[in-house]
Number of protein chains: 2
Amino acid sequence: MPSPSVFHEVLCAVFQVREHLPGEPPVLSVLLWQRAFDPQAGSWSLPGGSLQADEDLKSSALRQLAEKVDLRQVAHLEQLSVFSEPDRIPGPRVIASSYLGMVPSDSQPNLPQDTRWHPVSMLPEISFDHRKIVERARSRLAAKLSYTNIAFALAPAEFSMSALSDIYCAALGYPVDSTNLLRILSRRGVITATGTVGRTGPSGGRPPALYRFADKQLRITDEFATLRPPL
Amino acid sequence: MPSPSVFHEVLCAVFQVREHLPGEPPVLSVLLWQRAFDPQAGSWSLPGGSLQADEDLKSSALRQLAEKVDLRQVAHLEQLSVFSEPDRIPGPRVIASSYLGMVPSDSQPNLPQDTRWHPVSMLPEISFDHRKIVERARSRLAAKLSYTNIAFALAPAEFSMSALSDIYCAALGYPVDSTNLLRILSRRGVITATGTVGRTGPSGGRPPALYRFADKQLRITDEFATLRPPL
DNA sequence: ACAAAAGTGTTCGTGCTACACCCATGG
DNA sequence: CCATGGGTGTAGCACGAACACTTTTGT
């Protein structure tokens, strides 16, 4: 192995569906911190940092999130792609492995001063190539919502179907009918009824049945939309 | 950036659908080379090697395939995941980025002595964690066959539908009806008729119409099997 | 004429969307 | 008893699987 070794960093696009304006439906938001110093002081960056000698990438991602932004409730974390252009950031070469992370909508982590949730529909100025990572994370999340149970990582432990369809709507960017969503997800065995009911809302209405996700691990629920095996 | 830099290698799982036994339908095969020296002398490895200072990962992968196994007709190459366990191979730490590559079934690259195509159904002893990479590449390929036009990278420039369904069959591991395949792919605009016909086979029969792929770039052709946007 | 392979048409099932209608609760 | 939201039922459609039937060639 005669060739040069390089630095390696992990960058995490962590999403939460959260209320941005009170009374409005919740929106998909991503966790960013603001750079205090150059390069690109003032712009917003993804949390992350450099890989240590004794950890693999995923452990590193979890460590950085816990240490730097005090985030410990990551319900799901998966690899996106690697960004390896030699000049992707100024200074010595750093290869970035990007991750998609998600925290449930009911968790309220304590964040440092420089760190904030930003609705993905109104992102501030983003550092380096981090915007591309956010975009990729977003589209990966949208795609996986349709054929996996990945929403378990965005939803609280128990939820009404209208709350869940709000989450899908926020993540996908278009309305999702809660009545059909129930049928799809229960037929696939993704969610199960708890048997309990929630409280009725502030403006009246029937109290909703509550559901939970059957698994808290990622599962493919709709493999092979087409070209499936015979029999 | 106080932390250690590490070596970084690229590993390519390159597939071709090729005739293994004459007269039999073609099978999905992967390109491997046999290690002459320890560690793990005799076992078979994926082509690849270490990243240079001035190249990104994809360029590196293409370079290594051209230099080391004289392979220049790679029709598609995409990133799989990164393997970063500190002790994944003996010796100093090396992080591996894995790639999925594909070669059209009609190209016949010249291979070095130690390099050979192996049907994925009868793999030899594989080095280190390379088997895991082959498996992942295989399942990624199978998945993408159903919702993208990725078969363009496995098929020759022009082909009959029965030849194409042989390719799908080899890559998926189960039979694919050529008549339905035609309908699916032409409806999606993935393939178009050339207007010409091929030669009839050695055992007689009607000469087949020839088709070609409309794009030679990867395209998603069946986004959102479910939960699609309204209207 | 017959075998072999390609191409066409038809039936059927499945799964999702859309929407109308019914139910439960608070004021 | 009415407004508000939750839940159920149903019709329709789009797409693909399976398979029978027809067409075109070589021998």
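Sequence lines set the chain letters: A, B, ... in the order given, protein chains first and strands last, and positions in each chain run from 1. Predicted model only: the values in this text are computed from it and were never measured.
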Visitor: Which residues, if any, of residues 183-198 of chain B bring a heavy atom under 4.0 Å of DNA chain D?
Guide: B:R183, B:I184, B:R187, B:R188

Visitor: Rounded to the nearest 0.5 Å, what separates atom CD in A:Q73 from atom CG in A:L65?
Guide: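 Atom-to-atom, A:Q73:CD and A:L65:CG are 10.5 Å apart.
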
Visitor: Which comes earlier along DNA chain D counting from the 5' end, the contact point of A:T226 or that of A:L210, where each point is its nearest nucleotide?
Guide: A:L210

Visitor: Would you kindly give the CZ-to-P distance between A:R199 and D:dG6, to the nearest whole Å?
Guide: 15 Å

Visitor: Under 3.5 Å, sequence neighbours excluded: what are the donor-acceptor pairs made by side chains of residues 20-30 of chain B?
Guide:
residue: B:S29; atom: OG; partner: B:V27; partner atom: O; Å: 3.4

Visitor: Grab the N/O contacts between the protein and nucleotides 21-26 of chain D below 3.5 Å, and write none if there aren't any.
Guide:
residue: D:dT23; atom: O2; partner: B:R206; partner atom: NH1; Å: 2.9

Visitor: Return the CG to OG distance between B:L172 and B:S165, rounded to the nearest 0.5 Å.
Guide: 10.5 Å

Visitor: Could you state the CG-C1' distance from A:N180 to D:dG7, rounded to the nearest angstrom?
Guide: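 My rounded result for the distance is 12 Å.
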
Visitor: Could you pick out which residue, B:L182 or B:L227, lies toward the 5' side of DNA chain C when each is mapped onto its nearest nucleotide?
Guide: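 Looking at the nearest nucleotide for each, B:L182 comes out on the 5' side.
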
Visitor: For A:A137, give me all partners under side chain to side chain contact (heavy atoms under 4.5 Å, CB included), at least two apart in sequence or on another chain.
Guide: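 Scan of A:A137 (side chain to side chain contact (heavy atoms under 4.5 Å, CB included), adjacent residues dropped) gives A:A13, A:F15, A:L80, A:L100.
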
Visitor: Could you give the side-chain donor-acceptor pairs of residues 206-218 of chain A under 3.5 Å, partners two or more places apart or in another chain?
Guide:
residue: A:R212; atom: NH2; partner: A:E158; partner atom: OE2; Å: 3.0
residue: A:D215; atom: OD2; partner: A:R219; partner atom: NH1; Å: 2.3

Visitor: Both B:P229 and B:T179 contact DNA chain C. Taking the nearest nucleotide for each, which residue is further toward the 5' end?
Guide: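 On the 5' side of the pair lies B:T179.
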
Visitor: Listed in order of residue number, which residues of residues 143-164 of chain A have a non-hydrogen atom at under 4.0 Å from DNA chain D?
Guide: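 The answer is A:S162.
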
Visitor: With heavy atoms of chain B within less than 4.0 Å as the criterion, where does contact along DNA chain C begin and end?
Guide: C:dA4 to C:dA18

Visitor: From CG of B:D222 over to C1' of D:dC15, roughly how many Å is that when rounded to an integer?
Guide: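 To the nearest whole Å, that distance equals 9 Å.
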
Visitor: Pair up each side-chain donor or acceptor in residues 113-127 of chain B with any protein partner under 3.5 Å, not counting sequence neighbours, and list the distances.
Guide:
residue: B:S127; atom: OG; partner: B:S43; partner atom: OG; Å: 2.6
residue: B:S127; atom: OG; partner: B:W44; partner atom: O; Å: 2.9
residue: B:S127; atom: OG; partner: B:S45; partner atom: OG; Å: 2.7

Visitor: To the closest 0.5 Å, what do you measure between CD1 (A:I167) and CG (A:L154)?
Guide: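 Atom-to-atom, A:I167:CD1 and A:L154:CG are 6.5 Å apart.
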
Visitor: If I take atom CZ from residue A:F224 and atom CG from residue B:L145, how far apart are they, to the nearest 0.5 angstrom?
Guide: 9.0 Å

Visitor: Excluding sequence neighbours, so at least two apart, what forms salt bridge (Lys or Arg N to Asp or Glu O under 4.0 Å) with A:K58?
Guide: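 None.
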
Visitor: Please identify each residue that fulfils salt bridge (Lys or Arg N to Asp or Glu O under 4.0 Å) with B:R228, with sequence neighbours left out.
Guide: none

Visitor: If a pair satisfies salt bridge (charged side-chain N to carboxylate O under 4.0 Å, His left out) and one of its residues is in residues 134-153 of chain A, list it, with sequence neighbours excluded.
Guide: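 Output for this query lists A:E78-A:R140, A:E78-A:K144.
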
Visitor: To the nearest 0.5 angstrom, please state how far the CD1 atom of B:I184 sits from the OG1 atom of A:T226.
Guide: 4.0 Å

Visitor: Restricting to side chain to side chain contact (heavy atoms under 4.5 Å, CB included), what partner residues turn up for A:R183, sequence neighbours left out?
Guide: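 Only A:T179, A:N180 meet the side chain to side chain contact (heavy atoms under 4.5 Å, CB included) criterion with A:R183.
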
